[in-house]
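Reading through the structure tokens given below for one structure.
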Amino acid sequence: MNAHATSPVLVGRVQESAALDDAFHAARNGSASAVLLGGEAGVGKTRLVGEFAGRARAEGARFLGGGCLELGTEGLPFAPFTAALRGLVREIGVDGVRKLLPEGAGAELGRLLPDFGDTDADAFPGEARARLFELVLTLLERLAASARSCSSSRTPTGPTRRRATCSRSSSATSARTPPC
């Protein structure tokens with residue numbers, strides 16, 4: 001039998017953990033912050049991000065994470081956004097996400113998650129891709145604004161994204177990114 005044990009202590013990631021914590025605290029104090037994390041498979045990226053997410057959540061942050069997948073020479077460029085959006089839908093529901101979007105824009109997120117409706121997979125010109133990125137950015141900005149507006153409540157608030165904007169309630173930033 002081949003047993004694999006995981007240490008309850010994160011070893012050898014003091015510098016990386018400090019960089020994540022510094023970015024989180026900078027965001028919490030109102031400075032935009034970005035962190036990209038990359039490395040070969042098996043070096044501990046997921047564990048590092050998981051430990052960070054636990055610390056951020058313990059301080060009241062909402063943590064949305066996503067990662068890239070390598071499939072041959074090409075990756076899935078929207079995979080990090082899809083994973084983060086899926087986490088947000090689990091947390092606040094499809095209707096909660098739709099409320100954060102411009103009127104009628106929710107269906108466009110169907111390109112990322114089928115929960116938002118069907119889209120024509122073949123019709124995805126450059127303008128539609130740019131609009132999707134803008135829509136995701138708008139969603140994250142409005143999520144951050146909604147966190148600021150309810151910062152007096154002690155419920156966990158604040159988005160996780162590659163570029164974090166923060167309030168008293170806090171935002172964190174994280175991405176696991178092998179080249180994609």
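Keep in mind that the numbers below use all heavy atoms, side chains included, and drop hydrogens, waters and symmetry copies.
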| said: Test of understanding: with side chain to side chain donor-acceptor pair (under 3.5 Å), list the residues that count as partners of Glu51, not counting sequence neighbours. | reply: Arg47
| remark: Sorted by chain and residue number, the side chain to side chain donor-acceptor pair (under 3.5 Å) partners of Asp21 (sequence neighbours excluded) come out as Arg55
| task | Rounded to the nearest 0.5 Å, what's the gap from CG on Leu109 to CG on Leu139? Could you check? | result | 6.5 Å
| query | Is a side-chain N or O of Lys45 found less than 3.5 angstrom from the main chain of Gly38, in a donor-acceptor match? | reply | no
| To the nearest 0.5 Å, what is the distance between CG (Leu48) and CZ (Phe52)? | 9.0 Å
| field | salt bridge (charged side-chain N to carboxylate O under 4.0 Å, His left out) involving Asp22 - partner list, sequence neighbours excluded | value | none
| task | Taking salt bridge (charged side-chain N to carboxylate O under 4.0 Å, His left out) as the test, write out the residues that go with Arg98, two or more places apart. | result | none
| task | Just jot down the salt bridge (charged side-chain N to carboxylate O under 4.0 Å, His left out) partners of Arg142, sequence neighbours excluded, or say none. | result | none
| task | Give the intermediate values and the outcome of side chain to side chain contact (heavy atoms under 4.5 Å, CB included) for residues Arg28 and Glu59. | result | CA-CA 10 Å; Arg28 193 161 214 210; Glu59 291 190 37; 2.9 Å; yes
| task | Please round to the nearest 0.5 Å and tell me the distance separating atom CG of Leu143 and atom CG of Leu101. | result | 10.5 Å
Exercise answer: donor-acceptor pairs, residues 78-90 side-chain atoms, under 3.5 Å, sequence neighbours excluded:
residue	atom	partner	partner atom	Å
Thr82	OG1	Phe78	O	3.1

| If you round to the nearest 0.5 Å, how far is CG of Leu132 from CZ of Arg129? | 9.5 Å
| request: Start with the C-alpha distance between Arg111 and Phe116, add both sets of side-chain angles, then the distance that settles side chain to side chain contact (heavy atoms under 4.5 Å, CB included), and finish with yes or no. | output: CA-CA 8 Å; Arg111 296 185 184 282; Phe116 290 95; over 6 Å; no
| task | Kindly work out whether a path of hydrophobic side-chain contacts (I/L/V/M/F/W/Y, heavy atoms less than 4.5 Å apart) joins Phe133 to Leu140. | result | yes
| field | Pairwise side-chain contact, Arg13 with Leu20, heavy-atom cut-off 4.5 Å (strictly under) | value | no
| request: List for me each residue that meets side-chain contact (heavy atoms from CB on, under 4.5 Å) alongside Arg131, sequence neighbours excluded, and say none if there are none. | output: Ala105, Glu108
